[in-house]
Amino acid sequence: MPKKRLYIKTFGCQMNENDSEKVFLLLADEYELTSHPEEANLILINTCSVREKPQHKVYSEVGRYKELKKRKKNLVLGIMGCVAQQEGEKLLDRLPYIDLILGTQGFYFIKEALKTLEKEKKPVIITELKPHFIPPLVLSNNTSFSSERVTAFVTIMQGCDNFCSYCIVPYVRGREISRPPEDILKEVETLVKSGVKEVTLLGQNVNSYGKKEKDFPDFAELLRMISEIEGLWRIRFTTSHPKDLSEKLIQEIAENPKVCKHLHLPLQAGSNRILKKMNRKYTKEEYLAKVERLRSLIPQIALTTDLIVGFPGETEEDFKETLEMLETIRYHEIFSFKYSDRPFTLAKGLSEKISEEVKERRLAEVHRVQEKITQEIYQSYVGKEVEVLVEGLSKKSSSFLTGRTTTNVIVNFSSPRLDLKGALVKVFIEEAGKHSLKGRYLETVKI
Ligand code: SAH
Ligand code: SF4
Ligand code: F3S
């Protein structure tokens, strides 16, 4: 039988990207991927609700398929991910023509859901969140979802127990659960056998990996176990909560040659008053002490961060402290957001909301300060040699290769040979762009 066609559109974070791949793998015996929704028998929209804007995007995306649904009787339209989890059945009020609503654990039951839909001919909704849900092991063959990647995501944890006061994630992803180490190792081994050289371990707070389970390794130990897999060259991970960044983990990053020298360490805000209201459980001083310790052991480490501007009650003074932290820490890159009210969260109920205009201005200010710092840091790579894991041809120009340094900086470079995907090469940096470096190939380190 010819295979049916599946179109998946993914919004949100890397974990959603990883979930989209898993849902495809669960269906791979019956479906092949298409990049044209008009051709699809099944359309899945994997959604994000972390801020209001991405949630709105979902409604407009789904709206696009209303006409298509009318024309194609057998088309199945499904919503998965965080908005599906957040809204559940309520989605049907606004979008009565959807067939599947699969929450952040529900998508694992996609096959059963499709069968039920066929039998009962009415929308199927799976949004239960089980506190002890163990995600089944879904192994990637690394060819059909994206063609023979060199890098891959591996989810090591689900959910979050931190309840930062602005954040919806604990409500839509449920309680923190660590995947069994055997499953993680098996998944990485399978990826490595299929050509993957670098994995990024995913979790809302990877630093608390294993803490809730009796016989699990901690995160530093897990990194060591994964790094023993032969043929795997690089390990990245995200996200690290500053409060759980331990001395043991800092040592492991410093000593383990496979662990990349980059840490994404969300600061969120520079003022202790705001950090407290955010329920982040660290002070600016504690954060700075960890940065100092990291840099004393790993001088070349690149730091990146997330920031929220305009949290309820944030004064100009508070905001200035955020800008000062940027100048002090000098991140490679930052991801900054205007505070957005989210359902269920504590911050939604706070008074002293900041106007859109002020949030806009603070965001622009943050960008202005950081742009200069990023430029200076990127300029400091010019004239130096760096090691790059080649991910393929550059998107901008097919006569260039692209990859990243251990510090997670994108490098586009010219090379006499273009068949170097998957190789670790030395590149001489000639130029700094806005968010990438440009250089030329020097020699191959490993292939
Ligand atoms: N677990 C990760 C990522 C969470 S979501 C962490 O703890 O860092 C990614 C980022 O979105 C957060 O770091 C935060 O900066 C931002 N974010 C989350 N909720 C938000 C909200 N209500 N308004 C604006 N930004 C938000
Ligand atoms: Fe949200 Fe905080 Fe959990 Fe990150 S650690 S997912 S910001 S509650
Ligand atoms: Fe968005 Fe859910 Fe990720 S809310 S950021 S897709 S965990």
Side-chain angles (χ1 to χ4, degrees), residues 9-20 45-58 79-87 102-107 129 153 155-177 201-209 237-245 263-270 274-275 277-282 287 303-312 314 322 331 333-350 353-354 356 359-360 362-363 366:
K9 170 90 182 176
T10 309
F11 295 90
C13 63
Q14 294 154 329
M15 200 164 282
N16 259 15
E17 277 179 48
N18 196 224
D19 288 348
S20 288
I45 302 165
N46 196 359
T47 61
C48 171
S49 61
V50 78
R51 283 170 294 277
E52 211 179 337
K53 216 156 94 193
Q55 190 184 333
H56 280 306
K57 268 199 234 156
V58 169
I79 315 287
M80 54 185 273
C82 295
V83 177
Q85 187 65 46
Q86 176 193 319
E87 296 291 310
L102 302 175
T104 52
Q105 293 178 1
F107 77 85
L129 281 183
F153 296 131
T155 299
I156 64 164
M157 299 169 82
Q158 284 221 148
C160 181
D161 288 351
N162 287 311
F163 292 93
C164 301
S165 65
Y166 50 80
C167 185
I168 198 173
V169 172
Y171 303 94
V172 290
R173 290 269 171 186
R175 294 290 56 73
E176 184 180 291
I177 306 158
L201 310 176
L202 300 179
Q204 298 302 338
N205 177 14
V206 292
N207 295 354
S208 60
Y209 177 84
F237 53 86
T238 196
T239 300
S240 282
H241 196 303
K243 78 174 163 61
D244 299 312
L245 176 62
L263 192 66
H264 184 62
L265 197 63
L267 170 67
Q268 310 298 3
I274 297 296
L275 285 172
K277 283 176 95 177
M278 286 178 160
N279 192 28
R280 288 292 286 175
K281 302 195 182 82
Y282 52 83
Y287 186 100
L303 299 174
T304 55
T305 206
D306 289 352
L307 290 178
I308 296 176
V309 300
F311 185 83
E314 186 187 64
T322 299
Y331 296 104
E333 299 268 358
I334 63 163
F335 303 89
S336 47
F337 312 99
K338 287 183 284 180
Y339 167 79
S340 162
D341 264 344
R342 302 313 293 136
F344 319 121
T345 63
L346 211 101
K348 185 171 191 277
L350 293 178
K353 292 281 159 65
I354 306 298
E356 193 56 30
K359 284 195 266 188
E360 224 27 278
R362 290 184 185 165
L363 190 69
V366 155

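Counting starts at 1 for both ligands and their atoms, in listed order.
Ligand 3 is approached by Gln204 to a heavy-atom distance shorter than 4.0 Å. Judged by the shortest distance from any of its heavy atoms, Arg173 lies outside the 4.0 Å radius around the atoms of ligand 2. Every heavy atom of Met15 sits 4.0 Å or more from the atoms of ligand 3. Ligand 1 is never approached by His264 to a heavy-atom distance shorter than 4.0 Å. Proximity of His241 to ligand 1 is not established, as no heavy-atom distance is less than 4.0 Å.
Counting only heavy atoms of the protein, atom 9 (C) of ligand 1 lies nearest to Asp306 OD2, 3.8 Å. Taking atom 4 (C) of ligand 1 as the reference point, the nearest protein heavy-atom neighbour is Gln204 OE1, 3.9 Å. Nearest protein heavy-atom neighbour of atom 5 (S) of ligand 1: Val50 CG2, 3.8 Å. With hydrogens left out, the protein atom closest to atom 6 (C) of ligand 1 is Thr239 CG2, 3.7 Å, a heavy atom. Ranking the protein heavy atoms by distance from atom 8 (O) of ligand 1 puts Pro266 CG, 3.1 Å first. The single protein non-hydrogen atom nearest to atom 7 (S) of ligand 3 is Arg173 NE, 3.3 Å, given as residue, atom name and distance. Lys338 O, 3.3 Å is the protein heavy atom nearest to atom 24 (C) of ligand 1.
Within the listing of ligand 1, atoms 23 (N), 24 (C) sit less than 4.0 angstrom from a heavy atom of Tyr339. Ligand-side atoms of ligand 2 in range of Pro170: 8 (S), range being under 4.0 angstrom from any heavy atom. Close approach to Val169 involves these atoms of ligand 2, each under 4.0 Å from a residue heavy atom: 6 (S).
The closest non-hydrogen atom to atom 5 (S) of ligand 3, taken over Cys160, Gly81, Cys13, comes from Cys13. Checking Arg51, Arg173, Glu52 against atom 17 (N) of ligand 1, the nearest heavy atom belongs to Arg51.
Among the atoms of Cys82, none of the N, O or S atoms falls under 2.8 Å from atom 1 (Fe) of ligand 3. Atom 3 (Fe) of ligand 2 has no N, O or S atom of Cys167 under 2.8 Å away, backbone or side chain.
Here Cys164 has heavy atoms under 4.0 Å from ligand 2 in both its backbone and its side chain. In Ser340, the parts holding a heavy atom less than 4.0 Å from any atom of ligand 1 are both the side chain and the backbone. Within the 4.0 Å heavy-atom criterion, both parts of Tyr166, backbone and side chain, lie near ligand 1.
Salt bridge Glu314/Lys277: absent, no basic N to carboxylate O contact under 4.0 Å.
Of all heavy-atom pairs between Val206 and Ser240, the closest is CG2-OG, 4.2 Å.
Between Pro266 and Thr239 there is a side-chain heavy-atom pair separated by less than 4.5 Å. Residues Tyr287 and Thr305 form a side-chain contact, since some pair of their non-hydrogen atoms from C-beta on lies under 4.5 Å apart.
For the pair Asn205 and ligand 1, the shortest N or O to N or O distance does not fall below 3.5 Å.
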